[in-house]
Amino acid sequence: MTNERGIKSANEVYNTIRTLLQEKQWSFTESQKNNNLVIKCKTYGDDLPIPFQFYVNTDKCVATLSSPFNFKVPKSILEQVALIINAINTRLVEGKLCYDIIEDTISFRSSIYFEDSLISKNAISNMLYTALCTIDLYNDKLLSMVQEQISYDDMLAFIQAN
Amino acid sequence: MENTLKTKKGLRHYRYLCDYLAEEKLVYEKNDKRLSANLAVATECLSITMSISIDIEHQLICLRALLPFKIDTEKSELHALATATATNIVTEGSFTLNANGTICYKNTFSYFDSLVSKKVFAYMIKCAIMNIEELSENLFLLDMGYSRISDFIKE
């Protein structure tokens, strides 16, 4: 794909994301970094705030949704959290939880590849909705686990039940 | 009406998948009933088999591949750290550890009312090969005790 076509497709996807967020009346900030068109936004789940960013890469033709969880994982429960993240990722149909064991952080990531494709508003909406539901389901439970309010076994049981 | 559109779109994407595999002269076996294709790719070091399917109902393209070895289930904590790290490193897809010692790479694409090109299949397959080739050796060496988790993370 020529860069011009890539930029055109990326702008279409980017504008679809903008329109979607505007329709929801969610405030967001926009920026551009290297080959990425960036939208940063924040919403609220049942319990915790959910910050998220869209990166639309004009060169690679990939739109990525990324949402960092707002807490750090203590090194003392590193292995347990890794097993829990593995259990969650096994069940997820779309997207993944990313555990950075150097930075002790967890984030959710999902992406859409759009080269030569017609990506609908519903696809972007579904990507966002799925991400927010997944994050809302697990972020408070993972925080409780990190704060030692939920045991490893209870967390595992919760994952298997949902 | 909606179901007809979903089916039409799903069948069209399955045709694109098969066309792409044929054009690239890849070795594959298709299943028209399941709208899936099993494909074998040999790289310099590995033989990778993967399955790609179209889920009409959920409007998903699913790619799954099992790594060509089993790990010692006694070391599940160590391998959970490794697969979590691998999942964090790769831009597309995730690695997950199964109870029977297999490690699965999976990547899904939700096309929800979109019309995707053959390039989506090319991208998914290339990412899978690249990610599996890059990380399976590390996971294998870790299991055999020839490397440590700290070496894995540094790479």
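Just so we're on the same page: letters track the sequence lines, and every chain starts at 1.
No continuous path of ILVMFWY side-chain contacts below 4.5 Å connects Leu66(B) to Ile48(B), so the two sit in separate hydrophobic clusters. A chain of hydrophobic side-chain contacts below 4.5 Å, direct or via other Ile, Leu, Val, Met, Phe, Trp or Tyr residues, connects Ile77(A) to Phe71(A). Linking Ile, Leu, Val, Met, Phe, Trp and Tyr whenever their side-chain heavy atoms come within less than 4.5 Å leaves Tyr44(A) and Phe28(A) in two separate clusters. Cluster annotation: Tyr129(A) is not connected to Phe108(A) through the hydrophobic network of ILVMFWY side chains, with a link wherever side-chain heavy atoms come within less than 4.5 Å. Residues Met144(B) and Leu142(B) share a hydrophobic cluster, clusters being chains of Ile/Leu/Val/Met/Phe/Trp/Tyr side chains in contact below 4.5 Å.
In this structure, the separation between CG on Leu83(A) and CG on Leu78(B) is 10.5 Å, given to the nearest 0.5 Å. Between atom OG1 of residue Thr96(B) and atom CG of residue Asn86(A) there is a gap of 6.0 Å, rounded to the nearest 0.5 Å. One distance of note links CG of Asn89(A) with OG1 of Thr87(B); it measures 5.5 Å at 0.5 Å rounding. Here the straight-line distance linking atom OG of Ser107(A) with atom CG of Asn88(B) works out to 6.5 Å at 0.5 Å rounding. A distance of 12.5 Å separates OH in Tyr113(A) from CZ in Phe121(B), rounded to the nearest 0.5 Å. For the atom pair Asn122(A) CG and Asp113(B) CG, the distance stands at 4.5 Å (nearest 0.5 Å).
Heavy-atom distances place the side chain of Thr83(B), and not its backbone, under 4.5 Å from chain A. With a threshold of 4.5 angstrom between heavy atoms, Leu60(B) approaches chain A through side-chain atoms but not through N, CA, C or O. For a residue to count as touching a neighbouring chain, one of its non-hydrogen atoms must lie under 4.5 Å from one of that chain's; by this rule Lys118(B) does not touch chain A. The part of Phe109(B) that comes within reach of chain A is its side chain, from C-beta onward, which places non-hydrogen atoms under 4.5 angstrom from that chain.
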May I have the list of side-chain donor-acceptor pairs in residues 139-153 of chain A shorter than 3.5 Å, sequence neighbours left out?
from, atom 1, to, atom 2, distance (Å)
Ser144(A), OG, Asp140(A), O, 3.0
Ser151(A), OG, Asp154(A), N, 3.1
Ser151(A), OG, Asp154(A), OD2, 3.4

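Heavy-atom pairs under 4.5 Å with chain B peak, among Val62(A), Ile84(A), Ile85(A), at Val62(A). Between chain A and the residues Ser110(B), Ala122(B), Ala84(B), Ser94(B), the most heavy-atom pairs under 4.5 angstrom are made by Ser110(B). Most heavy-atom pairs under 4.5 Å with chain A, from the set Asn107(B), Val90(B), Asn98(B): that is Val90(B). Your options are Leu92(A), Leu97(A), Thr130(A), and the one with the most heavy-atom pairs under 4.5 Å with chain B is Leu92(A). Comparing Ala82(A), Ala87(A), Ser120(A) by heavy-atom pairs within less than 4.5 Å of chain B, the highest count is held by Ser120(A). Among Cys98(A), Gly95(A), Ser110(A), the residue with the largest count of heavy-atom pairs under 4.5 Å with chain B is Cys98(A).
Around the NZ atom of Lys72(A), the shell of radius 6.0 Å holds more than 12 heavy atoms that belong to other residues, nucleotides or ligands. A 6.0 Å sphere centred on CG of Asn70(A) holds no more than 12 heavy atoms belonging to other residues, nucleotides or ligands. More than 12 heavy atoms of other residues, nucleotides or ligands sit less than 6.0 Å from atom NZ of Lys106(B). The local environment of CD in Glu12(A) is crowded, with over 12 non-hydrogen atoms from other residues, nucleotides or ligands closer than 6.0 Å. Within 6.0 Å of NZ in Lys33(A) there are 12 or fewer heavy atoms belonging to other residues, nucleotides or ligands.
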side-chain hydrogen bond (donor to acceptor under 3.5 Å, both in side chains), that's the test. Do Glu92(B) and Ser111(A) meet it? Break it down for me.
CA-CA 8 Å; Glu92(B) 295 291 338; Ser111(A) 59; 2.9 Å; yes
Before you tell me yes or no, could you show the steps for Val93(A) and His58(B) under side-chain contact (heavy atoms from CB on, under 4.5 Å), namely the whole-Å CA-CA distance, both residues' side-chain angles and the distance that decides it to 0.1 Å?
CA-CA 10 Å; Val93(A) 176; His58(B) 300 102; over 6 Å; no
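With Lys119(B) contributing its side chain and Ser117(A) its backbone, the two residues share no donor-acceptor pair below 3.5 Å. Under the 3.5 Å distance criterion, the side-chain polar atoms of Lys96(A) are left unmatched by any main-chain donor or acceptor of Phe95(B).
Considering all non-hydrogen atoms of both residues, Ile119(A) and Ser114(B) come closest at CA-OG, 3.4 Å.
Below 4.5 Å, heavy atoms of chain A meet no heavy atom from residues 13-29 of chain B.
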